[in-house]
Protein chains: 2
Amino acid sequence: MENNKNNTQLKGTEKLIMEAAKKIFGRKGLDGARMQEIADEAGINKALVHYYFRSKDKLFETVVNETFSSFFPKAMSLMSDPSISLFKKIERFVDLYISLIQENPHIPGFMTQELGRGRAERVLDMFKDSGLKPEVFFQQIEQEIKAGTIVPITPVHLIVNMISMCIFPFIARPLLSGFLIMDKKDYDEFLEVRKKELPKFIINSIKKK
Amino acid sequence: MENNKNNTQLKGTEKLIMEAAKKIFGRKGLDGARMQEIADEAGINKALVHYYFRSKDKLFETVVNETFSSFFPKAMSLMSDPSISLFKKIERFVDLYISLIQENPHIPGFMTQELGRGRAERVLDMFKDSGLKPEVFFQQIEQEIKAGTIVPITPVHLIVNMISMCIFPFIARPLLSGFLIMDKKDYDEFLEVRKKELPKFIINSIKKK
DNA sequence: GTCTATACGGTGATAGAC
DNA sequence: GTCTATCACCGTATAGAC
């Protein structure tokens with residue numbers, strides 16, 4: 001803690017700045033964040049941030065790119081795999097999604113930060129670059145409908161529902177924590193329960209009776 | 001359009017500024033918004049904004065308060081009404097929620113803007129001031145579980161699911177629009193379909209087979 | 001109440017020593 | 001590569017005329 005300079009050398013300053021930037025940008029957004037704050041968080045000087053990443057915008061760009069490009073492929077390659085059954089896919093999707101965000105708590109912040117402004121294009125591009133093939137998932141749904149395994153549902157709405165229920169609780173976390181008076185332990189437990197209940201909830205809602 | 005001054009007189013400058021502020025703050029957030037921008041949107045001078053609302057923070061505070069205090073009571077009084085059945089409540093909740101946000105497109109922006117920072121307390125206070133009685137809804141759920149009408153589910157997760165699926169599509173609108181190439185007409189249709197499908201989806205997911 | 005002009009502070013970015 | 005000191009700009013807020 002006190003010999004931060006040594007850590008700097010060991011971990012690599014650039015990496016250190018990136019981590020700090022993720023944290024601060026995720027919390028405060030591009031406009032709300034201060035370069036000074038990021039430097040402090042990284043335990044280095046403000047000028048050094050500019051030395052590695054020309055400008056604030058460039059740093060933000062870099063960090064967002066890295067974040068999303070590690071995020072989408074994992075979730076999306078799963079959805080595009082035709083060899084996995086629909087129900088199994090739902091189960092794995094929920095688990096993967098929630099676990100991933102658990103490990104990268106700054107992601108929902110970026111998500112909303114980016115979407116809140118007119119900056120959806122980049123996110124979209126990454127969706128597409130990630131090899132996402134929504135058709136595979138859509139076809140799978142329509143196949144099951146025809147086969148009579150699940151009730152008729154518009155595929156788009158199903159996927160929107162799934163994503164909504166995975167992401168939103170993280171966005172609304174402060175609200176949840178305050179409203180139901182959850183401490184960190186309660187919240188973690190809430191998420192573990194959710195990992196199990198959510199797939200059942202989704203499958204139940206489409207499975208034919 | 002060109003005789004904005006007359007409109008100013010008619011509509012009341014204060015109201016005009018509030019509307020402009022809602023729009024700009026909702027899009028860009030507290031930090032991203034510029035007083036100049038708000039003044040322009042309102043068709044008046046920058047100094048005048050300060051004349052009515054001492055500071056930027058005060059203006060933001062005011063606008064957020066007004067927004068949320070019109071938003072929560074409507075949705076929440078419904079949930080607290082013990083005379084409405086669970087299924088009926090779900091149907092009305094979804095319709096009310098989506099309609100409300102349709103008419104006040106800036107709400108999701110504020111929602112995430114506020115939650116993104118450490119400012120959940122105010123939102124929470126409004127929840128509570130709105131006369132929300134979550135116990136009523138929770139009891140109703142547990143009653144139905146005991147009666148065997150619905151499958152066992154943790155009440156908190158059900159309500160989180162409902163809210164998630166109502167709000168998130170609005171937050172992610174730019175993503176949806178781009179990804180599925182929706183114009184405004186397509187999007188409105190998407191929402192109308194959603195109003196009908198979502199309650200069915202939810203009820204189906206908990207109804208006993 | 002509404003405008004123009006201006007003061008003031010904060011912040012991103014650079015220069016230059018080490 | 002890392003620091004200290006400094007600049008230049010932009011945006012909030014105020015003063016003061018009308």
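Every heavy atom of this structure was used, including side-chain atoms; hydrogens, water molecules and symmetry mates were not. Just so it is clear: chains get the letters A, B, ... in the order the sequence lines come, proteins before strands, and each one is counted from 1.
Atom-to-atom, CG of A:L48 to C1' of C:dA13 comes out at 14 Å; the value is rounded to the nearest Å. Computed from coordinates, the A:L59 CG to C:dT11 C1' distance equals 15 Å when rounded to whole Å. One atom, OH of A:Y51, and another, C1' of C:dA17, lie 15 Å apart when rounded to the nearest Å. Distance A:L30 CG to C:dT11 P: 14 Å, rounded to the nearest Å. Between the CG atom of A:D40 and the C1' atom of C:dT11 there is a distance of 14 Å, given to the nearest Å. One can place OH of A:Y52 at 13 Å from C1' of D:dC3, the figure rounded to the nearest angstrom. Rounding to whole angstrom units, CG of residue B:D31 and P of D:dT12 are separated by 10 Å. Between the P atom of D:dT12 and the CG atom of B:N45 lies a distance of 14 Å, rounded to the nearest Å.
The salt bridge (charged side-chain N to carboxylate O under 4.0 Å, His left out) test applied to B:K185 returns no partner, not counting sequence neighbours. Partners of A:S55 by side-chain contact (heavy atoms from CB on, under 4.5 Å), not counting sequence neighbours, listed by chain and number: A:D57, A:K58. Residues passing the side chain to side chain donor-acceptor pair (under 3.5 Å) test with A:Q36, sequence neighbours excluded: A:D40. Partners of B:L100 according to the side-chain contact (heavy atoms from CB on, under 4.5 Å) rule, which considers only residues two or more places apart in sequence or in another chain, are B:F71, B:K74, B:N104. A search for side-chain contact (heavy atoms from CB on, under 4.5 Å) contacts involving B:H50 returns B:M35, not counting sequence neighbours. For B:E197, there are no salt bridge (charged side-chain N to carboxylate O under 4.0 Å, His left out) partners two or more places apart in sequence or in a different chain.
Between the CD1 atom of A:I167 and the CD1 atom of A:I107 there is a distance of 9.5 Å, given to the nearest 0.5 Å. Distance check, rounded to the nearest 0.5 Å: CD1 of A:I84 to CG of A:L78 gives 5.0 Å.
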Strictly under 3.5 Å: I want the nitrogen or oxygen pairs between protein and nucleotides 9-11 of chain D, one per line.
from, atom 1, to, atom 2, distance (Å)
D:dG11, OP1, B:R34, NE, 3.4

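The side chain of B:H50 places no N or O atom within less than 4.0 Å of a non-bridging phosphate oxygen (OP1 or OP2) of D:dT14. At D:dG1, none of the side-chain N or O atoms of A:T13 fall inside 4.0 Å of OP1 or OP2 (strictly under the cut-off).
Pairs passing the ring-ring contact (aromatic ring centres under 6.0 Å, His included) check and including a residue from residues 14-45 of chain B, sequence neighbours excluded, read B:F25-B:F60.
Between the two ends of the helix from C:dG1-D:dC18 to C:dC18-D:dG1, each summarised by a five-pair axis, the helix axis turns through 0° (rounded to 10 degrees).
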